[in-house]
**Q** 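Structure in structure tokens, see below.
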Amino acid sequence: MRIKITGGGIFDGKGQEIAAGKEFDIADPELNEDGSEVAPHPWAGRFEVISGGEKPGNDQPPPEFVAPVGPFTAKEKSPGWWSIFDGADQPVGKAVRKADLDGFDTLSDDDKLEFATASAKAAFDKA
């Protein structure tokens, strides 16, 4: 979860005090089955949660999968890694090796949509 320091007495790994107003990411707290924290955070009262760290039952709906929109193309995302890109030139799913996408550009538009949707759904389900 992302937090913002609001009080003093919090030190980094080098023994330096972290200034109030500093923002950074920390691990989400461990929760009991009822959603309460297993143990109070040692920094309790000296930080505020900016994002993440939502507890179950907070009335926020879970994220929903949204299918990608074509046209789709396969291209190199970074050296040695390829991805399927959607109509907005955004990567869809996880990056893979070129051999995993050989022949993608020769598929029909319907087959590309099916392949891209399956790839995006698999990455969404793992997140």
Side-chain angles (χ1 to χ4, degrees):
M1 72 182 145
R2 185 132 184 103
I3 66 166
K4 179 178 180 181
I5 303 299
T6 58
I10 300 175
F11 297 87
D12 66 15
K14 297 178 184 174
Q16 302 295 314
E17 186 169 16
I18 300 171
K22 175 91 173 154
E23 297 180 8
F24 54 94
D25 295 309
I26 64 170
D28 287 343
E30 292 184 48
L31 303 177
N32 292 312
E33 289 181 21
D34 65 359
S36 63
E37 291 186 21
V38 172
H41 197 284
W43 298 350
R46 295 181 279 173
F47 72 93
E48 64 183 35
V49 176
I50 297 171
S51 65
E54 287 86 12
K55 296 178 182 176
N58 64 359
D59 297 332
Q60 291 188 7
E64 293 183 28
F65 174 73
V66 177
V69 178
F72 301 100
T73 185
K75 62 183 179 180
E76 194 168 27
K77 181 177 181 179
S78 62
W81 293 96
W82 286 65
S83 285
I84 299 168
F85 286 80
D86 65 12
D89 202 35
Q90 295 298 309
V92 174
K94 293 177 59 175
V96 296
R97 296 297 184 179
K98 182 179 181 182
D100 295 327
L101 292 178
D102 277 348
F104 177 81
D105 289 327
T106 63
L107 296 173
S108 70
D109 288 343
D110 289 339
D111 289 341
K112 285 180 183 179
L113 175 61
E114 183 179 339
F115 190 95
T117 300
S119 177
K121 180 80 168 111
F124 176 83
D125 289 343
K126 282 191 175 187

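Owing to the predicted nature of the structure, the values given are computational and were not obtained by experimental measurement.
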**Q** Do L107 and D105 have side chains that approach each other closer than 4.5 Å (heavy atoms only, starting at C-beta)?
**A**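 Of all side-chain heavy-atom pairs linking D105 with L107, none is under 4.5 Å.
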**Q** CZ of F47 to OG1 of T6: how many Å apart, nearest 0.5 Å?
**A**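 It is 8.5 Å, given to the nearest 0.5 Å.
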**Q** Between CD1 of I10 and CD1 of I18, what distance do you get to the nearest 0.5 Å?
**A**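 The distance works out to 6.5 Å.
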**Q** Let me see the working for W81 and E76 under side chain to side chain contact (heavy atoms under 4.5 Å, CB included), right down to the final yes or no.
**A** CA-CA 6 Å; W81 293 96; E76 194 168 27; over 6 Å; no
**Q** Using a 3.5 Å distance criterion without hydrogens, assess whether the side chain of S108 forms a donor-acceptor pair with backbone atoms of D111.
**A** yes
**Q** Give the table of side-chain donor-acceptor pairs shorter than 3.5 Å for residues 87-103, with sequence neighbours excluded, one pair per line with atom names and distance.
**A**
unit_1: D89; atom_1: OD1; unit_2: K75; atom_2: NZ; d: 2.6
unit_1: D89; atom_1: OD2; unit_2: K75; atom_2: NZ; d: 3.4
unit_1: R97; atom_1: NH1; unit_2: G80; atom_2: O; d: 2.9

**Q** Rounded to the nearest 0.5 Å, what's the gap from CZ on F72 to CZ on F115? Could you check?
**A**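 Answer rounded to 0.5 Å: 11.5 Å.
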**Q** How far apart are the closest heavy atoms of T117 and P68, and which atoms are they?
**A**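 The pair with the smallest heavy-atom distance is OG1-CD, 3.8 Å.
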**Q** For D25, check side chain to side chain contact (heavy atoms under 4.5 Å, CB included) against everything at least two apart and list the hits.
**A** R2
**Q** Are the side chains of F24 and K4 in contact, using a 4.5 Å heavy-atom criterion?
**A**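 Not in contact.
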**Q** If you take all heavy atoms of F104 and K112, which pair is closest and at what distance?
**A** O-CE, 3.4 Å
**Q** Please determine whether the number of non-hydrogen atoms from other residues, nucleotides or ligands lying under 6.0 Å from atom CD of E23 exceeds 12.
**A**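 It does: E23 CD has more than 12 such atoms within range.
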**Q** Looking only at atom types and distance, does a side-chain atom of E17 sit under 3.5 Å from a main-chain N or O of F11, one as donor and one as acceptor?
**A**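 No; judged by distance alone, with no hydrogens or angles, the pair does not exist.
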